[in-house]
Number of protein chains: 2
Amino acid sequence: MGRDKKFSTQDLWQATHELIVETGYQGFSMSLLATKLHVSRAAIYKHYPNKEELLIEFMVEKIRYSVTLLSEIDFTQRFEEQLRDLLERMFQLKDLHQILGMASTIEDVSPIITEKKQILSTMHHKLYAPLNQLIDEGKKQGFIAPSRNNFLLLGFIFQTIDIPNHAGLPLDTFIAEIQDLILHGISNK
Amino acid sequence: MGRDKKFSTQDLWQATHELIVETGYQGFSMSLLATKLHVSRAAIYKHYPNKEELLIEFMVEKIRYSVTLLSEIDFTQRFEEQLRDLLERMFQLKDLHQILGMASTIEDVSPIITEKKQILSTMHHKLYAPLNQLIDEGKKQGFIAPSRNNFLLLGFIFQTIDIPNHAGLPLDTFIAEIQDLILHGISNK
DNA sequence: CGCCAAAGTAACACATGTGTAAATAATAAA
DNA sequence: TTTATTATTTACACATGTGTTACTTTGGCG
């Protein structure tokens, strides 16, 4: 029994995602979030005791989903297929990079925050694991020189996700172009 | 005559730079800036009528310096030398990307702001010009396939600047590695 | 010394944000 | 229809931020 909810958990995460991408961490406020959900601030406080715990929980959910998505890459394919698969999945997680970057700036207003920050950091490593595996696979299959530093390659690949599509290429073409740049750089041959 | 100043224009831009990188646009406040300068808020308001005009002026100064720095690249060198030169200069402008990204979110509280935003946008193009010239030069010298989209290459090169140096490589090595990745990608041969 | 001009501060009014407690609204079951 | 239960809102106290005005400090010059 009881009254119907005006917003679901899904609505909440959806609105949170939009708002934090639009305004950044410092610009994010419970007032703006409440407005977006057509609800009063207090209604949100019934679910989360403060802004920090709401945001950290949001990030944990986000990264959990992302880890799952990336861990489902098929590592039995040829290296190029693996890379393509990875890039497509990473493009689905477009804002993740930006969002997780804000995690460290969340204030430790309660021990729960500190704890979940720890969880976040652990899962962050799990997120990189498939990427690392892909790089190792590439080295094994002879596509990548073994002398290359994994951290650097990882950062390189991760960074390409944020290349702006100013040319307005269709997503498929765009991803293919990026894959080519990752593999062979800008050189002609 | 008159009393000695407690902070110079240089001090102001220095503190502004640090603060905006630390806290982002939304987190930037005149109180924090004043504290950083060991001065009262009102002292800053003697120079700039509001936060927005201070920040837009800061950005104009920043981009002016950057345009000059990048326009000084020697385009008579071999393509690889040009690229190396460019990368070294871009690394000096590390936070520029992040800072200029905030420009669009500055509120138009006065016509002066709107006007300077326009200037900023114009200079933004001037900033890309040397990069474009480098790409065209690369195409002419046969290093880059002419079919490549300039926007994409530009974004690609620009994005590599933000690769984190997690491996802790010395700057020289780091830049050399990145140059190699830009030229040839991760592939072995 | 005494004046005056530049530089700086304190204090005010106002706006926006946070988190809480008491009151209200909506729904299902008795 | 009454009641219990859950969801939501209103109103409050408090904190932080903005921009302005009146006042104070400091230093050179006649």
Side-chain angles (χ1 to χ4, degrees), chain A residues 1-16 18-59 102 105-114 116, chain B residues 1-16 18-59 102 105-114 116:
Chain A
M1 46 163 64
R3 182 173 168 171
D4 287 354
K5 289 184 178 178
K6 286 180 74 177
F7 64 100
S8 66
T9 307
Q10 235 220 307
D11 296 335
L12 177 65
W13 292 151
Q14 167 80 31
T16 302
E18 285 171 18
L19 193 58
I20 204 162
V21 168
E22 284 165 19
T23 68
Y25 174 65
Q26 303 286 346
F28 184 97
S29 84
M30 294 298 251
S31 316
L32 288 173
L33 183 60
T35 304
K36 216 176 237 279
L37 288 166
H38 308 289
V39 120
S40 74
R41 271 186 317 121
I44 303 173
Y45 279 106
K46 288 286 141 85
H47 299 274
Y48 294 92
N50 53 55
K51 196 173 85 165
E52 284 74 23
E53 291 201 24
L54 185 148
L55 282 176
I56 201 90
E57 187 56 35
F58 166 71
M59 292 182 185
M102 303 171 186
T105 72
I106 295 180
E107 275 176 283
D108 291 37
V109 291
S110 82
I112 293 170
I113 306 277
T114 317
K116 294 210 170 166
Chain B
M1 46 166 58
R3 177 172 171 176
D4 288 354
K5 289 187 180 178
K6 287 180 74 177
F7 65 100
S8 66
T9 307
Q10 237 221 306
D11 295 336
L12 178 65
W13 293 150
Q14 167 82 31
T16 302
E18 285 172 18
L19 193 57
I20 203 161
V21 167
E22 283 165 18
T23 68
Y25 174 64
Q26 303 286 348
F28 185 96
S29 82
M30 294 299 251
S31 316
L32 288 173
L33 182 60
T35 304
K36 216 174 236 277
L37 288 166
H38 308 289
V39 117
S40 74
R41 264 181 329 117
I44 303 174
Y45 279 105
K46 288 281 145 86
H47 299 276
Y48 293 93
N50 52 55
K51 197 174 84 165
E52 285 74 23
E53 291 201 25
L54 185 148
L55 282 176
I56 202 90
E57 187 56 36
F58 166 72
M59 290 182 188
M102 302 170 186
T105 72
I106 296 181
E107 274 175 283
D108 291 37
V109 291
S110 83
I112 294 169
I113 306 277
T114 317
K116 294 211 171 165

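Lettering of chains follows the sequences in order, A, B, ..., and the numbering in each one begins at 1. Remember, predicted model here, so these are calculated numbers, not experimental data. These numbers come from the heavy atoms of this one structure, side chains and all, not from hydrogens, waters or symmetry mates.
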- Report yes if some heavy atom in the side chain of A:L12 is under 4.5 Å from a heavy atom in the side chain of A:L33; otherwise report no. yes
- Gap between atoms CD1 and P, on A:I106 and C:dT18 respectively (whole Å): 14 Å
- Task: Tell me which nucleotide among C:dT9, C:dA21, D:dG17 gets nearest to the side chain of B:S31.
- Result: D:dG17
- Task: Specify the separation, in whole Å, of atom NZ of A:K46 and atom C1' of C:dT18.
- Result: 15 Å
- Rounded off to whole Å, could you give me the CG-to-P distance for the A:L54 and C:dT18 pair? 11 Å
- Note on the structure: The correct set of residues in residues 2-16 of chain B placing a heavy atom under 4.0 Å from DNA chain D is B:G2, B:R3, B:D4
- Query: Are B:T16 and B:F28 close enough that some pair of their side-chain heavy atoms sits under 4.5 Å apart?
  - Reply: yes
- Query: Rounded to the Å, how far apart are A:M30 CE and D:dT9 P?
  - Reply: 14 Å
- Has the side chain of A:R41 got a donor or acceptor that lies under 3.5 Å from a partner of the other kind on the base of C:dG19? yes
- Message: Just the rounded figure in Å: distance from C1' of C:dG19 to CG of A:L55.
- Response: 15 Å
- Query: If you look at every strand shown and take non-hydrogen atoms under 4.0 Å, does A:S29 touch a base, only sugar-phosphate, or nothing?
  - Reply: sugar-phosphate
- Tell me, do B:K36 and B:L19 make a side-chain contact under 4.5 Å, heavy atoms counted? yes
- Note on the structure: Rounded to whole Å, the OH-P distance (B:Y48 to D:dT18) equals 17 Å
- Whole-Å distance separating the NE2 atom of B:H38 from the C1' atom of C:dG8: 16 Å
- Item | Distance in Å, A:L55 CG paired with A:I106 CD1, rounded so as to fall on 0.5 Å steps | 5.5 Å
- Contacts of type salt bridge (Lys or Arg N to Asp or Glu O under 4.0 Å), residue A:K116, not counting sequence neighbours: A:E57
- From the options D:dT9, D:dG19, C:dG8, select the nucleotide whose nearest atom is closest to the side chain of B:E52. D:dG19
- Query: With a 4.5 Å limit on heavy-atom distance, are the side chains of A:W13 and A:L54 in contact?
  - Reply: yes
- Item | Polar side-chain contact A:K51-C:dG19 base: donor and acceptor under 3.5 Å | no
- Query: Whole-Å distance between C:dT20 P and A:H47 NE2?
  - Reply: 15 Å
- Query: A:N50 versus A:E53: any side-chain heavy-atom pair under 4.5 Å?
  - Reply: yes
